[in-house]
Amino acid sequence: MSKGDKEPMFSAKNLKLLSGPLSLNNPVIVQILGICSSLAVTAKLKPAFVMAISVTVVTAFSNLVMSLLRKGIPNRIRIIVQLVVIAALVILVDQVLKAYVYDVSKQLSVFVGLIITNCIIMGRVEAFALGNKPWPSFLDGIGNGLGYGMMLIIIAFVRELLGSGTLWGYRIIPESAYACGYMNNSLMLLPPMALIIVGVIIWIHRSKNRDLIEK
Amino acid sequence: MNKNNNAYIIIYASVMIIIVAVLLSVASMALSGRQKDNIAVEKQGAILSAIGLGGDADKVKDKTKYIQEEYRKYIVESYVVNGEGNVVEGVDAFGLLDNLKAQFAAPVADMQLPVFVAKLDDGTELNVLSLYGAGLWGPVWGYIALEGDWNTIYGAVYDHQGETPGLGAEISTPIFEHQFDGKTIFENGQFTSIAVLKGAGASAGNNHAVDAISGGTLTSRGVEAMLHDCLSTYLPLIEKKRAALETANVASNELTVENHE
């Protein structure tokens, strides 16, 4: 790559690595990756938030490690090496969650382990980290993790508010509203509704960014 | 250097695996203490909620400490019995909760079944028994608290591994669990267990049944079977305790009679 050594740490190019995945190159709503977990863990805000952080940590560090190793990896076992690094990081995250936020880790259940198979992570390692220096790779990982996490949080916000009437476990919709006949939409708590919310976000996003619309 | 020759690949893979293995073992050892504490606290919390306590766990700052203190305060004794209702000495009741499945599957004389004795603030003594069974997708388990008469249910809690949210998973909600309060497992001295009946209101007026979960029929049946099987396993103990109570009652009646004379 053409990056010189004198390039500042937060050059415009590097910052673009962080901000690109948040909107125009978002892994969830533009590349349609990582949909499975964004349907599964977004019924409540708190697990979605923990999942977002976990995925960001894993993408950032798997990108960093793979970028550091990129010159020594035998090409024939490239994918296996990637999987080992990602799996090791995910297991570490899972162990830390079990030790420090046990309740949330129970709610996330298998989905922490399934971060290993999240297409975003291997996708970024394969497409970016193997061909770039560690620092930009690290930023790219954080950017993509945040892009994914942002979507989780938006979806979870809508689902928890409309589905349970709470946010982060705190009651938002007052009891008096229920007394007047307001009801929580239980459909919001089921995964299909998350898919519909993803669809609505994609619709809004593309109507603002018309060049993303496929011909 | 040729990165694609076999020797390089094998050495590379081996070194990588060793590094990763060491890293993960260290992390696992460093964190296992906390993880075990979390699991123990979860079980203590479940036992407490079977006796209607520990409800403030989500409001206090240090949940772990709160649960541990409440547990120490209210669970005054625990012991282990076998399938014949005889006390087994030298076994830690709480430790058995890690593998209840094996205990319920063991031969009757070798079973080790935990019993927890709780004493409430007003002096009421409760006996908490553990339950383990199969739901639709995976195991279901729970704790049932019997009052001093070894017949009336004081409270029950259930949990599950992977029942469907909104359907089978509803067994772990207070709405389902509180149905058990005050129900009895004996009818005129005969063991009846608790039936889980289909249809809202199906159990109205029935002292040995509760309503099942709509859309969670198979999980509900799993709970019913678990209650029947596990309570049957504890039955020798329960019968013994009830017999002892009866003798005590007769004795105290005779005593009263004597006093009257």
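Note that these values count all heavy atoms, side chains included, but never hydrogens, waters or copies made by symmetry. Predicted model only: the values in this text are computed from it and were never measured. So you know, we letter chains A, B, ... as the sequences are listed, proteins then strands, and number each from 1.
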Supply the atom-to-atom distance [X] [atom1] to [Y] [atom2], rounded to the nearest 0.5 angstrom.
X	Y	atom1	atom2	answer
B/Gln35	A/Leu97	CD	CG	10.0 Å
B/Ser28	A/Lys98	OG	NZ	9.5 Å
B/Ile17	A/Ile80	CD1	CD1	9.0 Å
B/Glu42	A/Lys106	CD	NZ	3.5 Å

Crowding at [atom1], [X] (>12 non-hydrogen neighbours, <6.0 Å):
X	atom1	answer
B/Tyr79	OH	yes
A/Trp135	CH2	yes
A/Trp168	CH2	yes
B/Lys43	NZ	yes
A/Phe49	CZ	no

For the student: nearest non-hydrogen atoms of [X] and [Y], plus distance:
X	Y	result
B/Val20	A/Ala88	CG1-CB, 3.6 Å
A/Ala99	B/Asn38	O-ND2, 3.0 Å
A/Gly72	B/Tyr12	O-CE1, 3.3 Å

What part of B/Ile39 gets closer than 4.5 Å to chain A, counting heavy atoms only: side chain, backbone, both or neither?
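Contact with chain A is through both the backbone and side chain of B/Ile39.
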Region of B/Gln161 that comes under 4.5 Å of a non-hydrogen atom in chain A:
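Answer is neither: B/Gln161 stays 4.5 Å or more from chain A.
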So, the side chain of A/Gln95 versus the backbone of B/Leu31: is there a donor-acceptor pair under 3.5 Å, distance only?
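Checking the backbone N and O of B/Leu31 against the side chain of A/Gln95, no donor-acceptor pair under 3.5 Å is found.
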Can you tell which of B/Leu24, B/Asp37, B/Val41, B/Leu23 has the highest number of heavy-atom pairs within less than 4.5 Å of chain A?
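Going by pairs under 4.5 Å, I would pick B/Leu24.
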Using non-hydrogen atoms and a 4.5 Å limit, figure out which bit of A/Leu189 sits close to chain B: side chain, backbone, both or neither.
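For A/Leu189, there is no contact with chain B at all, as no heavy atom is under 4.5 Å.
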A/Val81, A/Leu190, A/Ile77, A/Leu69: which one forms the most heavy-atom pairs within less than 4.5 Å of chain B?
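The option with the most such pairs is A/Val81.
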